[in-house]
2 protein chains.
Amino acid sequence: MAKRPPTIPDSELDVLKVLWDRGQATVREALETLRSAGRQWSYATVATLLDRLESKGLVTSDRRELAFIYKPVISNQEVRQKRVTNLVDKLYQGEPGLLVLHLLKSHPLDAEQAREVRAVLDQMVGEKSRKKEK
Amino acid sequence: MAKRPPTIPDSELDVLKVLWDRGQATVREALETLRSAGRQWSYATVATLLDRLESKGLVTSDRRELAFIYKPVISNQEVRQKRVTNLVDKLYQGEPGLLVLHLLKSHPLDAEQAREVRAVLDQMVGEKSRKKEK
DNA sequence: CCTATCCTAAGACAAATGTCTCATAACGTC
DNA sequence: GACGTTATGAGACATTTGTCTTAGGATAGG
């Protein structure tokens, strides 16, 4: 029985996001933030989630005075990376292009972002045609 | 206690994909397909997954002769849509542009796809500046 | 009719997820 | 030094996910 690799469930992700936003937080601080963001959790729930994140090695805790202070170990970027890759693999036959196309069609960008995207595209093609002249 | 809305776990998604690919399948057919795709499941596992998909209303079954024939009710498109929206909301502040940018940087497209993307972009901007002249 | 097959039904069972309750330790204040 | 506040620890408990076992019905050949 292969043990399942650790995942980040939605609830834990919400907590993790708080840590990303503030850099670090105690259980109570995280709770406050989550409360004002609409999450109706009890103190214990947040504590449990932080605990689980820690056992997965995604955050560290450091006891300062009264309470534990939690900090993220994994970055927003890393999580994004994993999720996106997973999505592309599972639903877009590993073809990131399909996802990009889909995104553009179903979630239109504003002009500013369109410009940025174009810029990145240009650069990409440029590199390719210049065959890494460096 | 608000009952959680039904989700589609990974294992069920794999089965659903088989239905999308072949249009329909019996348990055994799905099993075969999954086997050749590397999944080492028992017959019962596949049966359970199809059963769960059915109770979630995502597939229907229709008894023909010997076995049940399962067909997808939800489309690939719908699932993609949900997943993408969720991803954008959860990890990209609801900004699809951020995800597009990220995708282009981390998963480069080939020239062909780059062209397509550019076309879609052009059309998007075009519509905007022309103010739906139609 | 008997047996080998294939099918479904029913449910088992461990791990993960979503949430919480309660006991208990430490702190600050009168 | 007893009291209320806040923190942690331990674990409860229902649901979902991942996967399988086993019993029993229908079917196909001999």
Side-chain angles (χ1 to χ4, degrees), chain A residues 1-18 24-35 37-71 79 82-83 86 90, chain B residues 1-18 24-35 37-71 79 82-83 86 90:
Chain A
M1 304 274 141
K3 216 170 225 18
R4 312 181 219 176
T7 59
I8 308 182
D10 280 358
S11 52
E12 287 170 24
L13 185 57
D14 282 349
V15 175
L16 198 48
K17 282 198 283 189
V18 172
Q24 58 173 51
T26 62
V27 174
R28 185 153 301 278
E29 290 167 345
L31 176 63
E32 299 303 335
T33 304
L34 288 162
R35 280 265 169 79
R39 283 299 214 158
Q40 292 304 121
W41 276 331
S42 82
Y43 183 98
T45 300
V46 178
T48 298
L49 294 176
L50 279 167
D51 212 60
R52 288 181 182 167
L53 280 168
E54 185 165 24
S55 33
K56 292 177 185 177
L58 304 178
V59 313
T60 37
S61 65
D62 168 34
R63 185 156 215 159
R64 282 262 150 245
E65 294 157 31
L66 254 286
F68 278 111
I69 294 183
Y70 293 86
K71 292 183 187 181
V79 174
K82 279 203 218 305
R83 295 266 171 143
N86 187 273
K90 294 278 183 189
Chain B
M1 306 274 139
K3 219 173 222 27
R4 313 179 219 174
T7 60
I8 308 182
D10 280 359
S11 53
E12 287 171 25
L13 185 57
D14 282 349
V15 175
L16 197 47
K17 282 198 283 190
V18 172
Q24 60 174 47
T26 62
V27 174
R28 185 153 300 277
E29 289 166 345
L31 176 63
E32 299 303 335
T33 304
L34 288 162
R35 281 264 169 79
R39 282 300 214 156
Q40 291 304 121
W41 276 332
S42 81
Y43 183 99
T45 299
V46 178
T48 298
L49 294 177
L50 279 166
D51 211 60
R52 289 182 182 165
L53 280 168
E54 184 165 26
S55 32
K56 292 177 184 176
L58 305 178
V59 313
T60 37
S61 64
D62 168 34
R63 186 157 214 157
R64 282 260 151 248
E65 293 158 33
L66 253 286
F68 277 111
I69 293 183
Y70 292 87
K71 292 183 187 180
V79 173
K82 278 203 218 305
R83 296 266 171 143
N86 187 273
K90 293 277 183 190

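As a basis for the values below, the full set of heavy atoms in this structure was taken, side chains included, without hydrogen atoms, waters or symmetry mates.
The side chain of B:P9 sits closest to D:dG18 out of D:dA7, D:dG18, D:dT16.
Residue-to-nucleotide proximity on DNA chain C shows that, of B:R63 and A:W41, the 5′-proximal contact is made by B:R63.
If you measure from atom CG of A:D14 to atom C1' of C:dT17, you get 13 Å, rounded to the nearest angstrom. Regarding B:R35, its CZ atom lies at a distance of 13 Å from the C1' atom of D:dT19, rounded to whole Å. Between A:L66 atom CG and D:dT8 atom P there is a gap of 8 Å when expressed in whole angstrom units. The distance between atom CZ of B:F68 and atom P of D:dA26, rounded to the nearest whole Å, is 13 Å. The distance between atom CD of A:E12 and atom P of C:dT17, rounded to the nearest whole Å, is 6 Å. At whole-Å resolution of the value, CD in A:E29 and C1' in D:dT6 are 13 Å apart. One atom, CG of A:D62, and another, P of D:dT8, lie 12 Å apart when rounded to the nearest Å. Across the protein-nucleic acid pair, A:L31 atom CG and D:dT5 atom P stand 17 Å apart, rounded to whole Å.
In plain terms, the two heavy atoms of B:Y43 and B:L31 that are nearest each other are CA-CD2, 3.8 Å. Closest non-hydrogen pair, A:L49 versus A:S11, comes out as CD2-OG, 3.6 Å. Shortest non-hydrogen contact noted between A:R52 and A:E12 is CB-OE2, 3.5 Å.
Side-chain atoms of A:K17 come within 3.5 Å of backbone atoms of B:K90 as a donor-acceptor pair (strictly under, hydrogens ignored). Under a 3.5 Å cut-off, the side chain of B:E54 and the backbone N or O of B:S61 do form a donor-acceptor pair.
Only one option out of A:L53, A:V15, A:L50 pairs with A:L58 in a side-chain contact (heavy atoms from CB on, under 4.5 Å); it is A:L53.
An OP1 or OP2 oxygen of C:dT17 is reached within less than 4.0 angstrom by a side-chain nitrogen or oxygen of A:T7. B:R4 has no side-chain polar atom (N or O) that falls below the 4.0 Å cut-off from OP1 or OP2 of C:dG18. Taking side-chain N and O atoms only, A:S11 has a distance below 4.0 Å to OP1 or OP2 of C:dG18.
In the model, B:T45 has no side-chain atom that pairs as donor or acceptor with a side-chain atom of B:T48 under 3.5 Å.
Remark: B:S42, B:A44, B:T45, B:T48, B:R52, B:K56 in residues 42-58 of chain B come within less than 4.0 Å of DNA chain D through at least one heavy atom.
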